[in-house]
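Before any comments, here is the structure.
When reading the values below, keep in mind they use all heavy atoms of this one structure, side chains included, and skip hydrogens, waters and symmetry mates.
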Amino acid sequence: MRVLATHELARELAIAFAVMVMYPGAGMVCAAERTDGLSHRLIVGYQGWFGCPNDFEANRNWQHWFLKGVRPEFLTVDILPSVRGLPPGDLCDTGLPREDGQGTIKLFSAQNPAVVSAHFSWMRDHGIDGAAAQRFIQPVSSDPVRKRRSDHVLTNVQAAAEASGRVFFIVYDVSGADPRTVTDDIRSDWRYLAETLRLTQSRAYLRDHGKPIIELWGFGLGDRPGTPESVAALIADLKSGAHGLTAATVIGGVPAHWRTLDGDAKADRAWSTVYRSYDVISPWAVGRFSDEADADQFVREVVQPDLVETRRLGLRYLPVVFPGFSWSNLMRNRNRPEQAVLNKIPRNCGRFLWRQISDLLKSHVDALYVAMFDEADEGTAIFPAETRADKLPAGTKMVYLNEDGCSLPDDWYLRVTGAAARFLHDSTVPPGRLDAVLQP
């Protein structure tokens, strides 16, 4: 680790002080009050997939919290939300005792509009512009019950965004979708969201150059479905509004190595043209590096050449940052013990996330996507989380915020993300050291 000289640290502290003077409270940042344009936005991914019994219709399951029954060994998340900011009546009691014996573990459902409203209020309070709401095309195109649950979450997101002055847009995740029908399924569902649910007419729906934003995530990545020809046709239809579709600005959630067609990207050169047909390129960086030095290298060797290419082509660039990674419980329950590594990519008390943010803003990107607000399965969530091991369910192994030798508030990652948003809104290059900007 490079040690800053006294004059360098003084300069960074001076920058941080100036920013705090300009933005005395995170809630003072009001960039999301405008609903057109992706530039100078900090967007968080919003899964919205957590559920618990009796949350909507006749549901009896603990979606994404547990694989089978409510037992410690069936827990599928690696980070536990801190629910102190949610009313007790809006929580779901698992009955599982905490390690310290003080009460039981309470969780939440995104089917509850009050919960989603609280999430968006926290975004507002920390100056985060809004959320990219995930829509998994496989279940919504094949399972009416899961489709209705997804619809309900989206209406909750719309109401919460409108009430909090945040923005939102839809991300189609193609994981597990039928390769034969995936592009037609997206066309059909986009028509449904625009014409039946009328989401794109919401005053909170993010527009760019007058058109609603849509993201297609996963095409060309690993084992995800879709051929270059069918995906190219889908992008063209969405951009032009062909066949009765609502015309959109299209973001491509593409492999990190979209430009070089190696690593996580499919090797077929036909994908090269497909990627360059998007309006916005957003390479998936989660898990592509594991510490601050690797993050520096990734920006230097991957992101900066990406920026040269996208600027040459007149495309925009939406890089992805993440706080850390851990999916040991999910992999253990999926019988993949070799991948069940706890705290696989340590958060390092927020320094890992901040290094990515600082490097990218020094490279003059003008928008950021934070993965994710509520992704607890893979341990990338930035929502308030339990800070101590004794607050976790007895008999479990999970990541907690003080894991890496720090003492943090439960909303630390919202604070870090909000600080990034302030620099982004002001087009200011931040200090490289997190402690020059925030203290726990």
Side-chain angles (χ1 to χ4, degrees), residues 47-55 59-112 114-115 118-119 122 323-350 372-414 440:
Q47 298 284 25
W49 57 19
F50 289 109
C52 55
N54 303 311
D55 58 358
N59 176 52
R60 293 290 180 267
N61 299 316
W62 291 83
Q63 276 93 352
H64 279 268
W65 294 119
F66 298 93
L67 184 64
K68 300 176 185 176
V70 185
R71 292 166 51 178
E73 63 267 31
F74 296 144
L75 193 71
T76 58
V77 298
D78 267 30
I79 191 166
L80 190 72
S82 169
V83 295
R84 66 176 176 83
L86 297 172
D90 288 322
L91 300 176
C92 312
D93 194 341
T94 67
L96 295 177
R98 294 185 184 273
E99 188 67 46
D100 64 3
Q102 301 297 310
T104 56
I105 299 298
K106 312 290 196 305
L107 299 172
F108 65 78
S109 169
Q111 297 295 322
N112 185 337
V115 167
H119 289 168
W122 299 342
F325 187 90
S326 183
W327 62 356
S328 63
N329 288 313
L330 182 65
M331 290 297 102
R332 179 175 48 78
N333 273 286
R334 289 183 175 176
N335 296 315
R336 300 179 189 172
E338 73 285 353
Q339 297 184 48
V341 180
L342 185 67
N343 202 22
K344 184 175 182 178
I345 301 178
R347 294 181 172 224
N348 198 14
C349 307
M372 308 275 287
F373 181 86
D374 57 342
E375 172 57 275
D377 308 56
E378 298 180 357
T380 63
I382 64 164
F383 59 31
E386 292 294 354
T387 62
R388 293 163 30 192
D390 62 347
K391 296 300 181 182
L392 303 178
T396 64
K397 293 183 178 180
M398 305 177 74
V399 172
Y400 51 96
L401 295 195
N402 293 350
E403 180 98 10
D404 302 314
C406 33
S407 181
L408 301 174
D410 61 359
D411 66 347
W412 180 241
Y413 287 90
L414 284 174

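For the side chain to side chain contact (heavy atoms under 4.5 Å, CB included) criterion with V115, the lone passing option out of L91, V83, D90 is D90.
Across all their heavy atoms, A381 and A376 have their closest contact at CB-N, 4.2 Å. The two residues S328 and A340 come nearest to each other via the heavy atoms O-CB, 3.4 Å. Nearest heavy-atom pair across P72 and G395 is CB-O, 3.9 Å. For E99 against A394, the heavy-atom pair with the smallest separation is OE1-CA, 3.2 Å. Nearest heavy-atom pair across T380 and R347 is C-NH2, 3.6 Å. G48 and A110 make their closest contact through O-CB, 3.5 Å (heavy atoms, listed as atom of the first residue, atom of the second, distance).
Between W65 and F108, the two ring planes are perpendicular [angle over 60°; tilted spans 30° to 60°]. Using cut-offs of 30° and 60° on the angle between ring planes, the pair W327 and F325 is perpendicular.
With contacts defined as side-chain heavy-atom distances shorter than 4.5 Å, the pair L80/I105 qualifies. In this structure, the side chains of W49 and E375 come closer than 4.5 Å at one or more pairs of heavy atoms. For the pair F50/L107, no side-chain contact is recorded, criterion being any heavy-atom separation below 4.5 Å from C-beta on. Between T104 and L96 there is no side-chain heavy-atom pair separated by less than 4.5 Å. No side-chain heavy atom of L330 sits less than 4.5 Å from a side-chain heavy atom of L67.
Rounded to the nearest 0.5 Å, atoms CH2 (W412) and CG (N402) are 11.5 Å apart. Distance check: E386 CD to S82 OG gives 5.0 Å after rounding to the nearest 0.5 Å. Note that CG of N61 is 10.5 Å distant from SG of C52, once rounded to the nearest 0.5 Å. Note that the CG atom of D411 and the CZ atom of R84 stand 6.0 Å from one another [nearest 0.5 Å]. For the atom pair CZ of R388 and OG of S407, the computed distance is 9.0 Å after rounding to the nearest 0.5 Å. Taking NE2 from H119 and CZ from F383, the interatomic distance works out to 7.0 Å, rounded to the nearest 0.5 Å.
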Verdict with supporting geometry, W62 and F74, side-chain contact (heavy atoms from CB on, under 4.5 Å): CA-CA 11 Å; W62 291 83; F74 296 144; over 6 Å; no

Pair M331-E338, side-chain contact (heavy atoms from CB on, under 4.5 Å): steps then yes or no: CA-CA 8 Å; M331 290 297 102; E338 73 285 353; over 6 Å; no

Evaluation steps, side-chain contact (heavy atoms from CB on, under 4.5 Å), between M398 and V77: CA-CA 8 Å; M398 305 177 74; V77 298; 3.8 Å; yes

Pair I79-Y413, side-chain contact (heavy atoms from CB on, under 4.5 Å): steps then yes or no: CA-CA 13 Å; I79 191 166; Y413 287 90; over 6 Å; no

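For the pair R71 (side chain) and F66 (backbone), a donor-acceptor distance under 3.5 Å is absent.
Residues satisfying the side-chain hydrogen bond (donor to acceptor under 3.5 Å, both in side chains) criterion with N59, sequence neighbours excluded, are D55, Q63. The side-chain hydrogen bond (donor to acceptor under 3.5 Å, both in side chains) search around D404 returns N343, not counting sequence neighbours.
Remark: the T387 side chain and the D410 side chain contain no N/O donor-acceptor pair separated by less than 3.5 Å. No donor-acceptor contact under 3.5 angstrom links the side chains of T76 and N333, judged on distance only.
A salt bridge does not link D390 with R98: none of the charged nitrogens is closer than 4.0 Å to a carboxylate oxygen.
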